[in-house]
Amino acid sequence: RAYDLVVRGGTVATAAEVFEADIGILEGRIAALGRNLAAGREEVSAKGMVVTPGGLDPHCHLEEIGQDGSVHEESFASGSAAALAGGTTSFICFLPQWKGHSLADSAPGYEARAAQSRCDYSFHQIITDPRPEVLEREIPALIARGVRSLKVFLTYDPLRLNDRELIEVLAVARRHRAFVTIHAENYDAIGWRIDALLKAGLTDPLQHAWSRPPVVEREATHRAIALAELVDQPVQIFHVSCEEAAAEIAAARARGVKVWGETCPQYLTLSHEDLQGPDFAGAKAVCSPALRAKGENEKVWRRIQDGTLDVVSSDHCGFSFTTAKRAPGSGGYGMGSANLRADGTPAFNAIPNGVPGIETRLPVLFSEGVNKGRIDLPHFVRLSAANAARLFGLEGRKGSLMPGADADLVVWDPDAERRIRNTELHHAIDYTPWEGFAIKGFPSVTIAGGRVAVQQGQVLAEPGRGRFLARDAYALARPGGRVPDGFDAASVG
Ligand code: URP
Ligand code: ZN
Ligand code: ZN
Ligand code: ZN
């Protein structure tokens with residue numbers, strides 16, 4: 001039987017190897033890799049190109065509705081178009097929970113809206129209010145439906161858990177075999193610094209960074225890992241921004257703890273300088289954890305190179321600059337009261353947190369990583385897709401070119417040179433913090449589910465083409481098997 005599609009003559013990179021091969025696709029899956037494959041009904045030439053598995057972005061915020069009514073402006077249709085144009089063929093976003101609400105009645109209709117995605121997607125469930133019925137009934141039911149990962153926040157007024165609540169969530173995840181991701185910053189320390197900065201009249205976007213220095217991330221990372229160890233529950237620390245936090249993860253891994261670390265392109269390329277500039281421009285780089293001093297970027301790269309940080313996600317957030325400028329409001333990720341300044345712009349603590357990056361994630365990683373010699377192609381594949389697939393129960397399906405894997409792949413022009421321009425991006429946001437950033441290496445063709453989804457910057461995949469990725473129990477999320485004093489408190493349900 002002829003292949004539906006053959007990607008011919010490329011340099012193929014997997015998580016382990018680089019070799020010359022054609023790739024044959026049948027019914028949405030990889031059917032064969034080899035030389036001189038038979039003709040396909042459709043052919044894509046990859047001569048002189050690099051072919052990788054499509055990216056899996058395991059951390060992005062799309063159409064999230066905050067309890068304060070704030071909405072991420074990125075829709076599933078626009079966000080998934082941007083993802084595909086940037087070489088990402090699947091993503092994991094977040095089901096919200098509003099404090100005082102059950103999971104079921106937080107953000108009604110969210111799953112139906114997600115079905116508008118142009119590429120495959122899955123969810124992490126955010127837990128902000130771990131009441132008994134949520135812990136005992138709702139989380140187990142959700143896990144059984146294939147939502148196998150939870151996100152918890154140790155900071156932000158409307159989201160944060162205290163230590164006891166974190167422990168309870170870890171224990172439920174442990175009993176029901178889910179994975180837990182953690183936003184690790186010290187809530188009280190940040191609150192104290194915000195109040196002091198505002199009292200001192202320091203309100204610029206740069207002071208967002210001053211409100212949450214590396215030590216607050218290091219402390220919360222240490223605490224989160226210690227509590228995960230107490231419960232014996234595997235976890236990933238999200239968006240690691242600095243060496244201090246990465247060192248906590250490395251030390252725990254060295255003692256055999258099942259902890260992983262994620263970082264994002266913003267922590268590899270941007271710094272305090274991006275939080276400054278005329279006309280409130282620094283607001284475009286407000287994210288949490290905050291950008292660090294310039295020298296920190298290379299230290300985070302080193303933690304990628306030594307394997308401590310093994311996923312690079314976008315943490316894409318859909319808040320436009322004009323919205324942030326006009327309407328003080330935290331976008332649901334706020335701290336302290338919203339203050340307007342004399343010129344009408346909000347103080348640093350009322351700027352929505354997060355930067356858009358679902359489309360630029362992989363071009364920045366390819367250019368700064370592969371083309372500048374910091375990582376090789378298999379490492380790029382692991383960071384962009386394969387490791388996240390392993391961590392989140394999508395191994396064999398995503399991040400792989402093995403026969404049977406979903407036919408999601410990217411044909412890269414490794415020599416294409418351009419500058420990132422927001423006008424050329426497909427997201428719905430009115431800026432990119434990488435405006436003007438020079439890139440070498442860009443996706444030329446993106447294939448998702450065995451069909452050409454993007455060609456020459458034209459998005460061909462229509463809304464609704466993506467499928468929800470239900471995830472079964474998987475080995476990596478199993479506990480490590482070590483509990484203090486041999487007493488397994490989490491097993492007492
Ligand atoms: O600044 C960020 N990262 N905003 C998005 C929410 C989060 O903490 O992941
Ligand atoms: Zn239970
Ligand atoms: Zn976070
Ligand atoms: Zn996030």
Side-chain angles (χ1 to χ4, degrees), residues 57-68 70-74 79 83 91-98 107 122-128 149-161 166 169 180-187 190 194 205 208-209 211-212 216-217 220-221 224 235-242 245 260-268 270 274-275 282-292 311-321 323-324 329-335 348-358 361 388 392 427 429 431 433:
D57 189 344
H59 182 168
C60 55
H61 303 267
L62 300 173
E63 272 190 79
E64 250 171 58
I65 304 178
Q67 194 158 0
D68 62 354
S70 63
V71 187
H72 281 250
E73 294 156 50
E74 197 73 77
F91 60 82
I92 310 180
C93 59
F94 299 90
L95 294 168
Q97 184 194 10
W98 298 338
S122 196
F123 301 117
H124 305 294
Q125 173 68 57
I126 293 173
I127 303 296
T128 63
S149 45
L150 309 174
K151 179 177 185 184
V152 294
F153 294 86
L154 304 188
T155 194
Y156 297 132
D157 288 330
L159 303 174
R160 73 101 174 205
L161 302 187
L166 169 60
V169 171
V180 178
T181 64
I182 304 177
H183 180 125
E185 291 185 290
N186 183 305
Y187 172 77
I190 296 167
I194 287 176
H208 171 73
S211 75
R212 47 216 316 147
V216 308
E217 185 181 346
T221 300
V235 297
Q236 187 196 41
I237 306 299
F238 263 170
H239 40 46
V240 173
S241 75
C242 60
W260 288 265
E262 170 205 81
T263 191
C264 314
Q266 46 272 38
Y267 304 118
L268 296 167
L270 307 179
D274 298 277
L275 283 162
K284 295 176 181 175
V286 167
C287 57
S288 294
L291 299 179
R292 304 303 181 191
V311 169
V312 177
S313 75
S314 70
D315 196 5
H316 179 86
C317 283
F319 302 111
S320 278
F321 183 54
T323 314
S330 59
Y333 295 105
M335 291 285 291
F348 68 86
N349 66 309
I351 298 167
N353 280 204
V355 300
I358 200 166
R361 174 181 74 118
F392 297 110
H427 64 201
I429 308 309
Y431 78 96

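All heavy atoms count here, side chains included; hydrogens, waters and symmetry mates do not. As the structure lists them, so they are numbered: ligands from 1, and atoms in each ligand from 1. What you are looking at is a predicted structure, and each value in this text was computed from that prediction instead of being measured.
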Check your understanding: Heavy-atom contacts under 4.0 Å between Asn353 and ligand 1: side chain, backbone, both, or neither?
Key -> both
Point to revise | Side-chain heavy atoms of His59 within contact of Glu262, under 4.5 Å | key: yes
Check your understanding: Which ligand 1 atoms, with their elements, are less than 4.0 angstrom from a heavy-atom of His183?
Key -> 7 (C), 8 (O)
Check your understanding: Taking only heavy atoms of Gly354, which atoms of ligand 1 are found under 4.0 Å from at least one of them?
Key -> 1 (O), 2 (C), 4 (N)
Exercise for review: Show which atoms of ligand 1 fall inside a sub-4.0 Å distance from at least one heavy-atom site of His59.
Suggested key: 9 (O)
Review point. Closer than 2.8 Å to the Zn ion (ligand 4), do we get an N, O or S atom from His61, backbone or side chain?
Key: yes
Check your understanding: Can an N, O or S atom be found in Phe238 less than 2.8 Å away from the Zn ion (ligand 3)?
Key -> no
Review point. Quick one: are the ring centres of Phe91 and His316 less than 6.0 Å apart?
Key: no
Exercise for review: Answer yes if the side chains of His208 and Ser288 hold a donor-acceptor pair under 3.5 Å, and no otherwise.
Suggested key: yes
Point to revise | His124 ring center within less than 6.0 Å of Phe94 ring center | key: yes
Exercise for review: Check ligand 1 against His61 and write out every atom of the ligand that is under 4.0 Å from a heavy-atom position of the residue.
Suggested key: 5 (C), 6 (C), 7 (C), 9 (O)
Point to revise | Donor + acceptor pair across side chains of Asp57, Ser314 (<3.5 Å) | key: yes
Review point. Got a sec: is His59 within less than 2.8 Å of the Zn ion (ligand 4) via an N/O/S atom?
Key: yes
Study note, to complete from the structure: Rounded to the nearest 0.5 angstrom, the CZ-CG distance for Arg160 and Leu166 is 11.5 Å
Exercise for review: Report the name of the N/O/S atom of His183 located nearest to the Zn ion (ligand 3).
Suggested key: ND1
Exercise for review: For the residue pair Glu74 and His61, confirm or rule out a side-chain donor-acceptor distance under 3.5 Å.
Suggested key: no
Check your understanding: Side-chain donor-acceptor pair under 3.5 Å between Ser241 and Arg292, yes or no?
Key -> yes
Point to revise | Which of the ligand 1 atoms, numbered from 1, are nearer than 4.0 Å to a heavy atom of Tyr156 | key: 1 (O), 2 (C), 4 (N), 6 (C), 7 (C), 8 (O)
Review point. For the Zn ion (ligand 4), what is the closest N, O or S atom on Asp315?
Key: OD1
Check your understanding: Does at least one non-hydrogen atom of Phe153 fall below 4.0 angstrom from an atom of ligand 1?
Key -> yes
Check your understanding: If only atom types and distance count, is the side chain of Asn353 paired as donor or acceptor with the main-chain N or O of Ile351 below 3.5 Å?
Key -> yes
Study note, to complete from the structure: Under 4.0 Å from one or more heavy atoms of Cys317, ligand 1 contributes atoms 4 (N), 5 (C)
Check your understanding: Given that the side chain starts at C-beta and the backbone is N, CA, C, O, which of these parts of Cys287 lies under 4.0 Å from ligand 1, counting heavy atoms, or is it both or neither?
Key -> both
Check your understanding: Quick one: do the Thr181 and Gln236 side chains pair a donor with an acceptor below 3.5 Å?
Key -> no
Point to revise | Side-chain heavy atoms of Tyr267 within contact of Cys242, under 4.5 Å | key: no
**Study point:** Mode of Glu185 contact toward ligand 1 - side chain, backbone, both, neither (heavy atoms, under 4.0 Å)
**Key:** neither
Practice item. Any atoms of ligand 1 less than 4.0 Å from a non-hydrogen atom of Lys151? List them with their elements. Key: 7 (C), 8 (O), 9 (O)
Practice item. Check ligand 1 against Asp315 and write out every atom of the ligand that is under 4.0 Å from a heavy-atom position of the residue. Key: 2 (C), 3 (N), 5 (C), 9 (O)
